[in-house]
Amino acid sequence: MEAGLAAHEACLHVQAQQIASTLEKVRRIRSDLARGQAPASAELAHVIDTRAHLTVSFDLPWPWGGEMFELRDIRPLNYITGPLGSGKTRLAKRLAETLPETGFLGLERLADSAKARSHLDADAALKARVERVLAWLIDDGAQRSDALIALVVALEAEAPRVLVIDMVEQDLEQTTQMALIAHLRLRMRKDRALFLLTRSSSILDLDAVGGGETILLCPANHSPPMCVTPYRGSPGYEAVATCLAAPEVRARTAGVIAWRPDAIG
């Protein structure tokens, strides 16, 4: 509970700083206007932010029955969870196919770690950002690994605008997962959204979820996916809680159900 409150407090602190900064810019622009000095259009657009919130709608794929799914006001951190066979991976891939400027980071990312390193060698600025984040994570208890490097490379790349990550906790032990999610909360970006597939209680700690985060549950009975608020007694809360487990439990159950070409995640 204490760790969750601390993370939430840090998240709120970052949001408060962003609001204070924007408020100061608005006051300065108003002062300039009073003196007859018009602001640059880019600066005005930034502080007013008249862009529509990112939304998406599409017909749900199998195993659903083609129902219309709509997600409004996509937030910087969006979790997708559900029991085995609930269709969460198919939902994630459909999101990646439908949302503009969206990439999908699949479970093959560990096999592509050599490609990630090659990408780093070709982009000095990206390499510097990745090493800075890795140093922060390791200082916070993470263990350096190919799996972590592959994730950080994708997270620090300038594109795409939206990134969907399949089983974000894959091959990361508990302290690394905790450091990673703390970092993502502290570094929330209004101009980028992340969708994290997870069944780890270290990634999706229901006591720590705060502003800027959304939980999407794919129910076991293949009802349409639903947004769940992180409060006991709210619709879907208990179902989400039963989907999650500590990393050591997930490690013991991984691979129990053999992969099949028709696996639905």
Side-chain angles (χ1 to χ4, degrees), residues 3-26 45-56 71-81 92 95-96 99-105 126 128-130 132-142 148 150-169 172 176-198 200-216 227-231 240:
L5 289 173
H8 185 49
E9 180 182 356
C11 177
L12 291 174
H13 181 66
V14 170
Q15 293 174 10
Q17 287 181 319
Q18 291 172 341
I19 292 172
S21 175
T22 302
L23 180 60
E24 179 59 32
K25 290 177 182 177
V26 170
H46 177 72
V47 298
I48 296 178
D49 193 10
T50 57
R51 297 172 299 172
H53 291 295
L54 186 61
T55 64
V56 65
L71 180 60
R72 295 177 175 271
D73 192 15
I74 294 171
R75 298 183 181 182
L77 278 180
N78 306 272
Y79 306 95
I80 301 176
T81 193
L95 282 165
L99 281 165
E101 302 176 65
T102 300
F104 182 83
L105 189 64
L126 174 61
R129 293 198 303 273
V130 168
R132 185 165 57 247
V133 171
L134 287 172
W136 188 94
L137 292 171
I138 292 168
D139 188 58
D140 205 37
L148 181 60
L151 273 178
V152 174
V153 169
L155 290 167
E156 289 301 311
E158 293 184 357
R161 180 186 178 193
V162 181
L163 184 62
V164 183
I165 304 177
D166 192 4
M167 289 296 117
V168 65
E169 65 266 22
L172 304 180
T176 302
Q177 293 181 31
M178 295 173 67
L180 176 66
I181 195 62
H183 169 73
L184 293 179
R185 285 196 172 104
L186 288 172
R187 293 283 302 275
M188 283 186 187
R189 291 169 44 181
K190 291 193 295 183
D191 63 337
R192 193 182 201 191
L194 298 176
F195 285 86
L196 309 179
L197 274 80
T198 185
S200 169
S201 57
S202 291
I203 295 292
L204 178 46
D205 181 349
L206 292 170
D207 290 330
V209 173
E213 299 174 65
T214 294
I215 301 171
L216 280 174
C227 289
V228 177
T229 54
Y231 305 111
V240 169

(Q) Going by side chain to side chain donor-acceptor pair (under 3.5 Å), name the residues that satisfy it together with Thr176, two or more places apart in sequence or in a different chain. (A) Glu173

Within-4.5 Å side-chain heavy-atom neighbours: [X] and [Y]:
X: Leu204; Y: Val240; result: yes
X: Leu99; Y: Ile74; result: yes
X: Val164; Y: Thr102; result: yes
X: Leu151; Y: Leu172; result: yes
X: Leu155; Y: His183; result: no
X: Cys227; Y: Leu216; result: yes
X: Arg185; Y: Pro76; result: no

Q) What pairs with Arg75 under salt bridge (charged side-chain N to carboxylate O under 4.0 Å, His left out), at least two apart in sequence or on another chain? A) none

From [X] atom [atom1] to [Y] atom [atom2], the distance as rounded to the nearest 0.5 Å:
X: Ile203; Y: Leu197; atom1: CD1; atom2: CG; answer: 12.0 Å
X: Leu77; Y: Phe195; atom1: CG; atom2: CZ; answer: 10.5 Å
X: Ser202; Y: Gln177; atom1: OG; atom2: CD; answer: 5.0 Å
X: Ile80; Y: Ile165; atom1: CD1; atom2: CD1; answer: 11.0 Å
X: Asp205; Y: Tyr79; atom1: CG; atom2: OH; answer: 8.5 Å
X: Leu196; Y: Thr81; atom1: CG; atom2: OG1; answer: 11.0 Å

Where [X] and [Y] come nearest, the two heavy atoms and their spacing:
X: Met167; Y: Thr198; answer: CE-N, 3.8 Å
X: Trp136; Y: Ala179; answer: CZ3-O, 3.7 Å
X: Gly103; Y: Pro160; answer: N-CG, 3.4 Å

Q) In chain order, what residues pass the side chain to side chain contact (heavy atoms under 4.5 Å, CB included) check against Leu126, with sequence neighbours excluded? A)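 With sequence neighbours excluded, Leu126 shows a side chain to side chain contact (heavy atoms under 4.5 Å, CB included) to His119, Leu120, Asp123, Arg129, Val130, Val153, Glu156, given in chain and number order.
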
Q: Check for a donor-acceptor pair, side chain of Asp166 on one end and backbone N or O of Leu105 on the other, with a separation under 3.5 Å.
A: no

Q. Passes side chain to side chain contact (heavy atoms under 4.5 Å, CB included), Leu137 versus Val152? Steps please.
A. CA-CA 10 Å; Leu137 292 171; Val152 174; 3.9 Å; yes

